[in-house]
Amino acid sequence: MNDIIKEYFQKQNNLEIMPDATVLGRGGDPGCGDYIELYLKIENDVILKATAMVAGCPYAIATTSAFTEMITGKSLDDGMMISGDQVAKYLEGLPEEKIHCSLMGPEALRNAAHNYIMARICTPMGVQV
Ligand code: FES
């Protein structure tokens with residue numbers, strides 16, 4: 001494990017529940033134990049704040065923490081352009097067998113964006129036209 005990954009793993013920045021989140025997105029698979037919940041505070045389609053809860057290995061913790069930093073301040077569209085590869089580069093590389101740990105953040109963001117859009121176009125009375 002390189003020093004930057006160790007640092008993210010130890011600090012665990014932004015790894016907490018956000019009670020007033022605008023939207024939540026999930027990534028990974030709770031069935032196999034690697035799983036994240038990503039909480040976003042969004043205003044005008046911009047991610048003002050991102051936090052997450054992680055169940056997974058130290059690399060999952062480090063990559064998810066880094067991902068919350070990478071997407072903060074970005075539009076949802078720009079945030080969704082960030083790939084697992086970019087997360088790995090941000091952390092100066094991941095071992096091959098840990099690449100999948102970096103994919104949960106981007107997956108959770110796509111899921112959150114879907115939930116965000118659905119919440120905006122749907123009302124309790126049905127879909128707006
Ligand atoms: Fe599965 Fe890291 S989350 S090995």
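Just so you know, ligand 1 is whichever comes first in the structure, and atom 1 is the first atom listed for that ligand.
Applying the side chain to side chain donor-acceptor pair (under 3.5 Å) criterion to H100, with sequence neighbours excluded, gives D34. Checked against salt bridge (charged side-chain N to carboxylate O under 4.0 Å, His left out), K89 has no partners two or more places apart in sequence or in another chain.
Listed by chain and number, D34 OD2, H100 NE2 are the protein N/O/S atoms closer than 2.8 Å to atom 1 (Fe) of ligand 1, with waters left out.
Side-chain N or O atoms of T63 include one that pairs as donor or acceptor with a backbone N or O of A60 at under 3.5 Å.
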Please output the side-chain donor-acceptor pairs of residues 42-52 that fall under 3.5 Å, not counting sequence neighbours, one pair per line with the distance.
{"from": "D45", "atom 1": "OD1", "to": "Y116", "atom 2": "OH", "distance (Å)": "3.0"}
{"from": "D45", "atom 1": "OD1", "to": "R120", "atom 2": "NH1", "distance (Å)": "2.6"}
{"from": "T51", "atom 1": "OG1", "to": "E16", "atom 2": "O", "distance (Å)": "2.8"}

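When the side chains of ILVMFWY residues are joined at heavy-atom separations under 4.5 Å, either directly or via intervening members, M104 and Y8 end up in two distinct hydrophobic clusters.
Inter-residue side-chain proximity for K74 and T72 is flagged as unmet; no heavy-atom pair is nearer than 4.5 Å.
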